[in-house]
Structures are given as structure tokens and as C-alpha cells.
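For the single chain, residues carry numbers from 1 onward in sequence order. Source: prediction; values computed, not measured. Indexing begins at 1, ligand by ligand and atom by atom, following the structure's order.
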Amino acid sequence: MPAEPRRIITIDGPAGAGKTSVSRRAAGALSVAYLDTGAMFRALAVRLGRGGHELPEPAIDAALAAMAFSLDGSGSDTRLLVDGEPLPESARTEDVGSMASKLAVLPVVRARLKLAQQALGRTTDLLAEGRDMGTAVFPDAPCKFFLDASAEVRAARRVGQLAALGRPADYEAILTAIRSRDDQDRNRAEAPLRPAPDARIIDTSDMTEDAVVAAIVAAARGASRHA
Ligand code: DC
């Protein structure tokens, strides 16, 4: 008998919309594994180093072919491993995000990572978070979300997060970086950032994180009851 299809929930949205913390918590509440696909693009950016997007395509393809992605644990404790190792904290900076965004334009990168993401989705029930989860990677997922917030709100949140870590942050510089990454992610030819036609759009600008998690968990539970 063919295996039951896995339960997939997708969350897409621009940088700084709060996807990562919301997705991790929602995955815990829904008892599914959590996949941060941005971390896969960041891992490649770290491996190739600065200017990696300008390397010849076969070199990028070979680097990707040599990377093994796996998930360890479940729910909010799920960890993405690359060659058995978690992503270093240093991969979380805006600088690496911008390098990842430049790599994400390349068809060879999108094709390889899409296959790796779909393979992970066959191993476990999954909440997958990124830019094109609902549109390109898991178009048949029964439950899709798109989290949005204005660039100004997202920049102010980032400044708050950095301040909480005791790190000084320049609001204008962060706003400019967010706008430039938005522009790159929304206007690329392949799998651009946009809501799937059947995604629930949640504008998080005036919502607390708790409220966003609650809205996602309630809608996902409702969708699985009606599936
Ligand atoms: O979510 P993040 O900031 O960690 O993502 C880093 C970059 O990776 C993002 O700017 C664009 C790219 N990305 C993508 O193109 N598709 C995804 N599904 C996830 C990330």
C-alpha cells in the first residue's frame, strides 16, 4: 500500500515578518517538525563565502550536491542539520541573509534545494517556512499561510531584537537592507516571494507574536478537521 501523504503546513513571507519564531512555536503546538528553509540558503552562502553567487554554475552545483540536509528532533525543538551539524549562529546575520538572497536567484540553487526540501517533507509531518513553500515546493499543501508586515514595522522589530541582545542597531540601515532583500526576493524570475492563491494572508503589523501563533494553530487544526 502506498504510504499516507505527510501532513504539510507552509508559512511564507518577507524577511523580518516574524516567520521563524512563529513557525517554530506553531510546529510545537501542532506536533509537526519544523523546517527553516532560509537556513538551507544561508548554509550554502556560508559554505561558498562572499561572492559565492558569482562562482561558475558547476562549482555551485557541486557544493550543493555535497551538502546533506537532515532534521533532528521534532516540534519546536527540531534542528536542521547540514552534514550532521547545526547552522552556526554567525549564519543568522543580515549580511549572510543578503548573500543567501543573491544565491536564491540562481535556478541551479532553487532546483537543488527544492528537491532537498521535498525529500525532507516525505520523511515527516512538517511545517515548512520560507519564501516559496506554498507556491513552488509544496503547492498541494492543504494549509498555507503568508505572513506580512510593513518594511518599517519589520525594521523596528529587528532593532528591538538587536537591542535586547545588547547590540546597537541603526534603524535606517536596517530598513534599507530589508527593502533591498524584499526587492531581490519579490522580483526574481524563479519562485518569487508571493502568496499562493490559496494562502491565508496574516498582516502581523499590529499583532503580538502570541496572537499570530494562535491564529495559525487554530486555522491549521480547522483545516485538518475538514481535510
Ligand atoms: O528566511 P531567511 O531570511 O533566513 O532567508 C534568507 C534568504 O534565502 C532570503 O532572503 C531568500 C532566500 N530564501 C528563498 O529564496 N526561498 C526560501 N524558501 C527561503 C529563503
Below 4.0 angstrom, N of the basic side chain to O of the carboxylate: do D132 and R110 qualify? yes

Please say whether K19 places an N or O atom under 3.5 Å from an N or O atom belonging to ligand 1. no

Which residue and heavy atom of the protein sit nearest atom 11 (C) of ligand 1, plus the separation: D185 OD1, 3.4 Å

Presence of salt bridge, E152 and R179, under 4.0 angstrom: yes

Looking at ligand 1, does R188 have a heavy atom less than 4.0 Å from it? yes

Would you say Q117 and ligand 1 have an N/O pair spaced under 3.5 Å apart? no

Backbone N/O of G97 and side chain of S101: donor-acceptor pair under 3.5 Å: no

Ligand 1 N/O within reach of D36 N/O, cut-off under 3.5 Å: no

For atom 4 (O) of ligand 1, find the nearest protein heavy atom and state the residue, atom name and distance (0.1 Å precision). R42 NE, 2.6 Å

Close-contact set for ligand 1 against M133 heavy atoms, below 4.0 Å: 18 (N)

Is there a polar contact between ligand 1 and E129, counting only N or O atoms under 3.5 Å apart? no

What atoms in ligand 1 come closer than 4.0 Å to a heavy atom of A104? 12 (C), 15 (O)

Using a strict 4.0 Å cut-off to heavy atoms of R181, name the atoms of ligand 1 that fall inside it. 3 (O), 5 (O), 6 (C), 7 (C), 9 (C), 10 (O)

Contact between ligand 1 and R110 is defined here as a heavy atom of the residue under 4.0 Å from a ligand atom; is it met? yes

SB check D210 R25 (cutoff 4.0 Å): yes

Heavy atom of the protein closest to atom 8 (O) of ligand 1 (residue, atom name, distance): F41 CB, 3.5 Å

Find out if a path of hydrophobic residues (ILVMFWY) with successive side-chain heavy-atom gaps under 4.5 Å connects V212 to L127. yes

Would you call E94 and R158 a salt bridge, using N to O less than 4.0 angstrom? yes

Does the distance from a Lys or Arg side-chain N to an Asp or Glu carboxylate O, for D185 and R194, drop under 4.0 Å? no

for atom 19 (C) of ligand 1, nearest protein heavy atom and its distance come out as T37 OG1, 3.5 Å

Smallest separation among heavy atoms of M133 and D12, with atom names: N-OD1, 2.8 Å

When you check the gap from the basic side-chain N to the acidic O, do D182 and R131 get nearer than 4.0 Å? no

Do me a favour and list the nearest non-hydrogen protein atom to atom 1 (O) of ligand 1 with residue, atom name and distance? R131 NH1, 2.9 Å

For G130, counting its heavy atoms only, list the atoms of ligand 1 lying under 4.0 Å from any of them. 18 (N), 19 (C)

Grouping I, L, V, M, F, W and Y whenever their side-chain heavy atoms are under 4.5 Å apart, do M40 and F138 come out in a common cluster? yes

